[in-house]
There are 2 protein chains.
Amino acid sequence: MAQDTPEAAEGPVGPGQQATVPVPTAAGSGPISHAIFRLARLHRMFAGQLLRRIGLHPGQELVMMHLWELGARRQADLVRLLDSDAATMTRTVRRLEQAGFVRRRPDPTDKRASLIEPTAASHALRREVERVWSQLEDISTAGLSDEERAAALLTLERLEQNLVQAAASPDAVAEP
Amino acid sequence: MAQDTPEAAEGPVGPGQQATVPVPTAAGSGPISHAIFRLARLHRMFAGQLLRRIGLHPGQELVMMHLWELGARRQADLVRLLDSDAATMTRTVRRLEQAGFVRRRPDPTDKRASLIEPTAASHALRREVERVWSQLEDISTAGLSDEERAAALLTLERLEQNLVQAAASPDAVAEP
DNA sequence: CACGTTTACCTGTCCGAACAAGTAAATCAC
DNA sequence: GTGATTTACTTGTTCGGACAGGTAAACGTG
């Protein structure tokens, strides 16, 4: 590192360089992406604050909700359900196990796999988690009518679907 | 609390071919929160793939975009602009510095502060980053009219504002 | 059955995110 | 001016997220 051109780090790019495109400037070069990013960070922070009080970290509650809903599952299933990562799941499950919320049992039909099941103790958490998510929902959609909430949900799902489809079609992310 | 809509918590998901939508539905404990979570993860994953090719990690590009747009700024300013965390910013800036994309200069008016400024070398990145964000924007909002994009942006901002305000008012996150 | 491939999981590593705690300087109160 | 508070930043720690690499078991085909 090192080379610096101490001057002119400030201000507009100046006429010397190409004036770039008619891009609506930084705040405009991706307002939706920007908004997604910021909203997600805030939402995660909020969820984290609420979840911490009940002994969970953001991300763990999704695993528990799936287990409560579907019963024992293999890690690979959880990975697919959450669209997550196998390595992350390994550690998340381990922490949930250490916290006493899940148990691992060897899968009788596959010696490679483990069945992850919620413990009896974890069921006390379920209500707390659902309360937290309701709270998050109420906070996020404060002041929105039912129609607006539905519209917001549709908007989010539409953006998600766009990304899902783009991820599925190689041309969208094709590299040289 | 109370999440209603006992049925169809998972609305129209467009092309039914996508089986990757988790549908945690279950207790209906927060469709919007869930949608935010999933959208954010996908978006982040997508952004990460694109950004990695140009030598950045997700999150760093936002810092750079603000610096390119606004010029040298203090870390605290960046924290406020990005709604981020001071500790995270310290490390992000350090990595950007080590990568040669920013420089730190002591603030002449405040001995506690540093001014972070983009290096000349970083400006080659600007085009790449803007290209990536345009790509992300196009992918995310594929099939949306200008009006729909604007509406989507408003929706995201409204959700964000709700969270911001809730974070500011103690009663929202008050504990029992 | 042997052999290559896929699947399930784990570890190492790097990064962002967030809380806690600490240092130092600026600012406010008196 | 002295002292308390606020602000700017740093470090330590823990966790989710993602990529790379590795082991072992299941699977597929010849």
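For clarity, every value in this text was computed on a predicted model and none was experimentally measured. To find a chain, count down the sequence lines: A is the first, B the second, and so on, and within it residues start at 1.
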Original post:
Which residue pairs satisfy the salt bridge (charged side-chain N to carboxylate O under 4.0 Å, His left out) criterion with at least one member in residues 33-47 of chain A, sequence neighbours excluded?
Top reply: A/Arg38-B/Asp83, A/Arg38-B/Glu160
Subject >> Partners meeting salt bridge (charged side-chain N to carboxylate O under 4.0 Å, His left out) with A/Asp110 (sequence neighbours left out) >> reply: A/Arg74, A/Arg112
**OP:** Look at the aromatic rings of A/His43 and A/Trp133 and report parallel, tilted or perpendicular, splitting at 30° and 60°.
**Re:** perpendicular
Subject >> Rounded interatomic separation in angstrom, taking CG from A/Asp83 and C1' from D/dG16 >> reply: 15 Å
Subject >> Working for side chain to side chain contact (heavy atoms under 4.5 Å, CB included), residues B/His57 and B/Leu51 >> reply: CA-CA 6 Å; B/His57 291 267; B/Leu51 287 171; over 6 Å; no
Original post:
Do the charged groups of B/Glu130 and B/Arg127 touch, with an N to O distance under 4.0 Å?
Top reply: no
Subject >> A/Arg52 vs B/His57, nearer the 5' end of DNA chain C by closest nucleotide >> reply: B/His57
Original post:
For residues A/Thr119 and A/Arg103, is any side-chain donor paired with an opposing acceptor at under 3.5 Å?
Top reply: no
Filtered N/O pairs between nucleotides 5-8 of chain D and protein, under 3.5 Å:
residue	atom	partner	partner atom	Å
D/dT7	O2	B/Arg112	NH1	2.4

Original post:
Quick one: B/Asp85 CG to D/dT10 P, roughly how many Å, whole number?
Top reply: 12 Å
Original post:
Got a sec, which residues hit salt bridge (charged side-chain N to carboxylate O under 4.0 Å, His left out) with A/Arg91, two or more places apart in sequence or on another chain?
Top reply: none
Original post:
Are OP1 or OP2 of D/dC15 and a side-chain N or O of A/Gln60 less than 4.0 angstrom apart?
Top reply: no
Subject >> Spacing between A/Leu82 atom CG and D/dG17 atom C1', to the nearest angstrom >> reply: 13 Å
**OP:** Answer yes when B/Arg94 and B/Glu97 have at least one side-chain N-carboxylate O distance shorter than 4.0 Å, and no when they do not.
**Re:** no
**OP:** State whether A/Glu117 and A/Arg105 are salt-bridged, where the test is any N-O pair (Lys NZ or Arg NE/NH1/NH2 against Asp/Glu carboxylate O) under 4.0 Å.
**Re:** yes
Subject >> Residue-level proximity of residues 87-102 of chain A to DNA chain D when a heavy atom falls under 4.0 Å >> reply: A/Ala87, A/Thr88, A/Arg91, A/Thr92, A/Arg95
Subject >> Opening and closing nucleotides of DNA chain C in contact with chain A, under 4.0 Å to non-hydrogen atoms >> reply: C/dT7 to C/dC19
Original post:
Quick one: A/Leu51 CG to D/dC15 C1', roughly how many Å, whole number?
Top reply: 13 Å
Original post:
B/Ser114 side chain to B/Pro106 main-chain N or O, any donor-acceptor pair under 3.5 Å?
Top reply: no
Original post:
Given A/Leu115 and A/Arg104, is the side chain to side chain contact (heavy atoms under 4.5 Å, CB included) satisfied, shown in steps?
Top reply: CA-CA 6 Å; A/Leu115 284 175; A/Arg104 313 172 82 137; over 6 Å; no
**OP:** Could you tell me the separation between the CG atom of A/Leu56 and the P atom of D/dT14, rounded to a whole number of Å?
**Re:** 18 Å
